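Reading through the structure tokens given below for one structure.
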There are 2 protein chains.
Amino acid sequence: MQTHLQEIKHHFKLAVSVDCVIFGFNHDELKVLLIESDLKECKGKYSLLGDIVCPDEELEDAAYRVLKARTGLDHVFMEQVQTFGAVKRHPVGRVVTVAYYSLVNIARIERTLSDLRLNWYPIKALPELVFDHAQILEMCHNRLKQQVQLQPIGFNLLPRKFSLRELQHLYEAILDVELDRRNFRKKFLSMDLLMDLNEEEADVPHRPARLYKFDFDKYEQCKKPYLGIGF
Amino acid sequence: MQTHLQEIKHHFKLAVSVDCVIFGFNHDELKVLLIESDLKECKGKYSLLGDIVCPDEELEDAAYRVLKARTGLDHVFMEQVQTFGAVKRHPVGRVVTVAYYSLVNIARIERTLSDLRLNWYPIKALPELVFDHAQILEMCHNRLKQQVQLQPIGFNLLPRKFSLRELQHLYEAILDVELDRRNFRKKFLSMDLLMDLNEEEADVPHRPARLYKFDFDKYEQCKKPYLGIGF
DNA sequence: ACAAAAGTGTTAGATTTACACCCATGA
DNA sequence: TCATGGGTGTAAATCTAACACTTTTGT
């Protein structure tokens, strides 16, 4: 029943690729970095950023390579989400693709984009995507929605220093909900994981907000495993 | 920068496989179905159940094929977890494996096992595993821990009719925690998703418990998306 | 002075936790 | 009658949700 591993060489003509769903946050919108497809048969459609995995390259390394090549950034939050391997998903042959999402501070990128065909698109107004990329994107967005509620990863989308308003708008954009401002504040401040930097916003046409940063070290010490059954 | 897809054929000599972490629940223990490895170099070690994905086979289908071949079961809960593709993870060459976990009612299987080398092992007392299978298993167990708190999937591990004690012990085994019996009951009964079957356990050496089944239809109607930030 | 967002507290309701006793059954 | 687990309730503490006014800044 189990295929003999020796037969591998004969069995397979397939490739493994990685696709990165790179999220950014800007003007109160969650955005994704996409590139105009250069395939003839996909004229006018857009594509996630991906590439074939080299024979002696780790999957993660391939994903980081794509990310670095496209954004110029290193040390970025990234997580594997799922693998898409439908037989006919790709026109040139069987390409099994491993999807990752990553969270970047959009401000650090805007100027370093390597390619004019690269652009940020709001998650609420996506263009048409090639192949199954819409499905991949949706899956990654769902995972982000889930993870952002369970772990403090959202901060990767914000500048080092941020206001509570920015943080709230981030959650609202990701989860597509409206949150009560006072309750949101209370919640976050009571977790006692935000460090008050004693600084304020500048150049805003209204009362400037205090700036905070997230205390990752402290978080690491007090995270709890069991959350309780709730579905 | 982006590899031309035309070059795929030349680039790759690799295989894609699936590995199934099949969970069962028995005697208040969470167990995994493993097989004694038949590779010489892995004498005495155990392996997850997996196989190479055929060229024109969907990933899911491959995983179901393995499951069906090993357990005789169909229509089983299964979810993709993660893909493991370390360059040197497999001795015969590059094998990228997509890991799934599934939840089966162990009682339905015990007699239909296809192979004497197949056995259930408690998650708390695992034998030594081949390659990176320990890592894969751990990942799948973590995912199960997470999902079981967010969705009513645990019921797949129980008989159609179950008592609240069985349900509680299931959660305790999966999450490796102790739960208060009264609070657990209250919680589940207040969700109002358990249908009281007006039946009782039989052949137990103590007061028999009522039996319930889970009302999946009702659940589908009232599930809520936003749970609240809590990390 | 006005516009715009910052900052701040309270209350009612819901949820969670901790905890102890009597009951039904089979051996 | 004993051992085993079934079944039940309450009070305190915590968390959540709803809700409005004053403050600070730039224009």
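In the text below, chain A, chain B and the rest are named by the order of the sequence lines, each starting its count at 1. Bear in mind that the values here come from a model prediction, so they are computed numbers and not experimental data.
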Report summary line: Taking for A:Lys187 and for A:Arg207 the nucleotide of DNA chain D with the nearest heavy atom, the one nearer the 5' end belongs to A:Lys187
Report task. Determine whether the aromatic ring centres of A:Phe214 and A:Tyr212 lie less than 6.0 Å apart. Result -> no
Report summary line: When rounded to whole Å, the CG to P distance for the pair B:Leu189 and D:dT8 reads 8 Å
Report summary line: Closest of D:dG5, C:dT17, C:dA6 to the A:Arg181 side chain is C:dA6
Query raised in the report: Which part of the nucleic acid does A:Arg210 contact within heavy-atom distance under 4.0 Å: base, sugar-phosphate only, or nothing?
Result: sugar-phosphate
Query - Basic-acidic side-chain contact under 4.0 Å: A:Glu200, A:Arg210 - result: no
Report task. Remember a base hit wins even if backbone is also touched, and classify A:Asp203 as base, sugar-phosphate or nothing at under 4.0 Å, heavy atoms. Result -> nothing
Report summary line: Atom CZ of B:Phe184 and atom C1' of D:dT8 are separated, to the nearest Å, by 16 Å
Query raised in the report: Is B:Arg165 touching bases, backbone alone, or none of the nucleic acid, heavy atoms closer than 4.0 Å?
Result: sugar-phosphate
Query raised in the report: Using 4.0 Å as the upper bound for N to carboxylate O, is an ion pair formed by B:Asp176 and B:Lys145?
Result: no
Query raised in the report: Between A:Phe162 and A:Phe155, does the ring centre distance come in under 6.0 Å?
Result: yes
**Report entry** Closest-nucleotide 5' rank along DNA chain D - winner of B:Ile229 and B:Glu166
**Finding:** B:Glu166
Query raised in the report: Expressed in angstrom and rounded to an integer, what is the separation of A:Arg185 atom CZ from D:dA17 atom C1'?
Result: 17 Å
Requested in this report: Record whether the side chain of B:Lys186 comes under 3.5 Å of the base of C:dT15 through a donor-acceptor pair of N or O atoms.
Outcome: no
Query raised in the report: Relative to the 5' end of DNA chain C, which residue comes earlier, A:Asp180 or A:His206, by the nucleotide with the nearest heavy atom?
Result: A:His206
Report task. Return the value, rounded to whole Å, for the distance between atom NZ of B:Lys224 and atom P of D:dT16. Result -> 12 Å
Requested in this report: Nearest whole angstrom, please: distance from the P of D:dT22 to the CZ of A:Arg182.
Outcome: 13 Å
